[in-house]
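Everything numeric here is computed off the predicted structure, so don't read it as measured data.
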Amino acid sequence: MKEKLKVGILGATGMVGQRFITLLENHPWFEVTTIAASERSQGKTYEEAVGERWKMTTPMPENVKKKVVMNVNEAKEVAKTVDFVFSAVDMEKERIRTIEDLYAKTETPVVSNNSAHRWTKDVPMIIPEVNPEHAKVIEYQKKRLGTTKGFVAVKPNCSIQSYAPVIYAWKEFEPYEVLATTYQAISGAGKTWKDWPEMVGNLIPYIGGEEEKSEEEPLRIYGKIEEGEIVKAAVPVITTQCIRVPVLNGHTAAVFVKFRKKPSKEELIERIRSFRGVPQERELPSAPKQFIQYLEEDNRPQVTMDVDYENGMGISIGRLREDKIYDYKFVGLSHNTVRGAAGGAILCAELLKDLGYIEKK
């Protein structure tokens, strides 16, 4: 691209906002021109607003340190400075829905990491390799909002990334029942070891709202557009448990699957290794070349060895084997703040730009 699109980050001082900042440094299509956060950060430089709360392992990019933070609530003012925005605001859901719609109504596309709009019927919730066709529902959303360019699109919950695409890759074998237990990193709660020392050597068998998201969101992704809204799929039936574990980055899932057409192990491995989607076909900048890798070793995937596969944008699968009760079981791993959060949203924006939904104002 000769001229990059101007991007704003709403909620830029939080952990996901910081991840957006690091991933967008030197992006070939997008340039962070505007940073917005709460009123208490307004008028400060980004460096001042974040202070000692920088949670990334890499230094804060120089190009954002001196940017003056705008008030996220002043949508019209922020919208004047950007072509589209990423949303990572930390507010109550109803307030998030209101503010994201407000930005959309300024004719500014919103690509959100938040859960607030995930069940709004005409808002697409996209894993770009799985359901890019859901972007078509944006036209119905624009009619509801009264916009020509403005809309909201969202990415799904981080906990489903390590198994929902895999189940989709096996759709020809008609998976109809899935049991999954996820072991979720502390960064999924926006924490580091410094913030949450009591998690060291600990495990918490409850994450509020996570099991409902993990069971229902894949069905919306597998669903279809009918009469201007996304109708979720009826199968597979999914049941989950979600556990917080002492890991900084990386959500692991232990998954059991029943199929109506039972495949061989070799067929299942071949399907995930050969699985490609629109991001790979169109060579989008953030797309992993190999979306899902299968690891033969009995002790893989491991967080320390595999969480950064394909720069954190790929999924690692291992231990696929037959089960006594279900047909097969496997272990999956994905990076929760890259593929599962900011990186997934950036890839979604690349897809929407490639499809013509995001363009220069």
Side-chain angles (χ1 to χ4, degrees), residues 1 4-38 40-72 78 81-82 84-90 111 113-114 155 158 185-197 199-200 246-251 284-288 303-314 333-350:
M1 282 185 69
K4 294 183 180 182
L5 297 179
K6 297 177 181 178
V7 179
I9 301 175
L10 313 181
T13 56
M15 178 175 273
V16 174
Q18 292 176 24
R19 182 65 77 180
F20 273 120
I21 292 287
T22 58
L23 293 178
L24 288 167
E25 185 181 19
N26 301 318
H27 192 280
W29 292 2
F30 307 146
E31 180 182 2
V32 177
T33 58
T34 303
I35 290 172
S38 64
R40 66 178 177 271
S41 296
Q42 183 180 11
K44 298 178 181 178
T45 65
Y46 184 64
E47 189 175 31
E48 292 169 340
V50 173
E52 296 186 4
R53 295 181 294 113
W54 182 252
K55 299 183 179 185
M56 301 293 103
T57 56
T58 54
M60 182 183 292
E62 291 294 328
N63 65 322
V64 298
K65 285 184 177 180
K66 303 305 179 187
K67 288 189 182 295
V68 177
V69 179
M70 298 184 72
N71 186 339
V72 72
V78 173
T81 68
V82 298
F84 76 100
V85 296
F86 289 110
S87 175
V89 291
D90 184 12
V111 180
N113 182 71
N114 296 303
K155 53 149 291 296
C158 54
I186 64 172
S187 58
K191 305 289 187 180
T192 63
W193 300 121
K194 180 181 176 182
D195 306 321
W196 208 356
M199 270 305 298
V200 176
V247 168
L248 180 59
N249 293 311
H251 287 355
L284 299 182
S286 299
V303 169
T304 56
M305 299 173 72
D306 303 308
V307 73
D308 292 319
Y309 168 64
E310 288 279 13
N311 298 314
M313 289 297 289
L333 171 66
S334 60
H335 197 305
N336 56 293
T337 67
V338 182
R339 167 57 76 162
I346 291 169
L347 184 60
C348 183
E350 292 169 1

Enquirer: Nearest heavy-atom pair of His27 and Lys4: which atoms, and what distance?
Expert: O-NZ, 2.7 Å

Enquirer: Do Trp29 and Leu5 come close enough that some side-chain heavy atom pair is under 4.5 Å?
Expert: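 No - every pair of side-chain heavy atoms lies 4.5 Å or more apart.
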
Enquirer: Which value, rounded to the nearest 0.5 Å, describes the distance between Glu310 atom CD and His335 atom NE2?
Expert: 13.5 Å

Enquirer: Please check: side-chain N/O of Glu25 versus main-chain N/O of Pro61, any donor-acceptor pairing under 3.5 Å?
Expert: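 Judged by distance alone, no pair lies under 3.5 Å.
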
Enquirer: What pairs with Ser38 under side chain to side chain contact (heavy atoms under 4.5 Å, CB included), at least two apart in sequence or on another chain?
Expert: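 Arg40, Ser41.
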
Enquirer: So how far is it from Thr13 OG1 to Asp90 CG, rounded to the nearest 0.5 Å?
Expert: 9.0 Å

Enquirer: Please find the pair of heavy atoms, one from Lys67 and one from Val32, that lie closest to each other, and give the distance.
Expert: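 Distance-wise, the nearest heavy atoms are CE-O, 3.2 Å.
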
Enquirer: Tell me if a side-chain donor or acceptor on Tyr46 pairs with a main-chain N or O of Ala12 at a distance below 3.5 Å.
Expert: yes

Enquirer: How long is the straight-line distance from CD1 of Ile35 back to OG1 of Thr81, given to the nearest 0.5 Å?
Expert: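 Reported value, rounded in 0.5 Å steps: 10.5 Å.
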
Enquirer: Holding to side chain to side chain contact (heavy atoms under 4.5 Å, CB included), I want the full list of residues that pass it with Ala341, two or more places apart in sequence or in another chain.
Expert: Val16, Asn113

Enquirer: Check whether any side-chain N or O of Ser187 sits under 3.5 Å from a backbone N or O of Leu248 as a donor-acceptor pair, and report yes or no.
Expert: yes

Enquirer: Just checking Asn311: does its CG atom have more than 12 heavy atoms from other residues, nucleotides or ligands closer to it than 6.0 angstrom?
Expert: no

Enquirer: How about Asn71: does its CG atom have over 12 heavy atoms from other parts shown lying under 6.0 Å from it?
Expert: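 Enclosed: over 12 neighbouring heavy atoms sit under 6.0 Å from CG of Asn71.
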
Enquirer: Does the side chain of Arg19 come under 3.5 Å of the side chain of Thr337 through a donor N or O and an acceptor N or O?
Expert: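 Yes, a side-chain donor-acceptor pair sits under 3.5 Å.
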
Enquirer: So do Leu24 and Ile9 actually touch side chain to side chain, heavy atoms under 4.5 Å?
Expert: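 Yes - at least one pair of side-chain heavy atoms lies under 4.5 Å apart.
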
Enquirer: Give the minimum heavy-atom separation between Ala36 and Val78, together with the two atoms involved.
Expert: CB-CG2, 4.3 Å

Enquirer: Decide yes or no for Phe86 and Ile346: does some side-chain heavy atom of the first lie under 4.5 Å from some side-chain heavy atom of the second?
Expert: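 When only atoms from C-beta onward are counted, Ile346 and Phe86 do touch, with a gap below 4.5 Å.
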
Enquirer: Taking C-beta and beyond as the side chain, do Thr192 and Met15 meet within less than 4.5 Å on heavy atoms?
Expert: yes

Enquirer: Distance from Glu350 atom CD to Phe30 atom CZ, nearest 0.5 Å?
Expert: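 Output value for this atom pair is 5.5 Å.
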
Enquirer: Is the NZ atom of Lys6 crowded by more than 12 outside heavy atoms at less than 6.0 Å?
Expert: no

Enquirer: Work out which heavy atom in Met313 is nearest to a heavy atom in Gly343; give both atom names and the distance.
Expert: CE-O, 3.4 Å

Enquirer: Kindly give the heavy-atom pair with the smallest separation between Asn249 and Val303, and that separation in Å.
Expert: O-CG1, 3.2 Å

Enquirer: Quick one: closest heavy-atom pair of Lys155 and Arg339, and the distance?
Expert: CE-O, 4.4 Å

Enquirer: How long is the straight-line distance from NZ of Lys65 back to OG1 of Thr45, given to the nearest 0.5 Å?
Expert: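 Here the rounded value is 10.0 Å.
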
Enquirer: With rounding to the nearest 0.5 angstrom, report the CD1 to CH2 distance, Ile21 to Trp54.
Expert: 6.5 Å

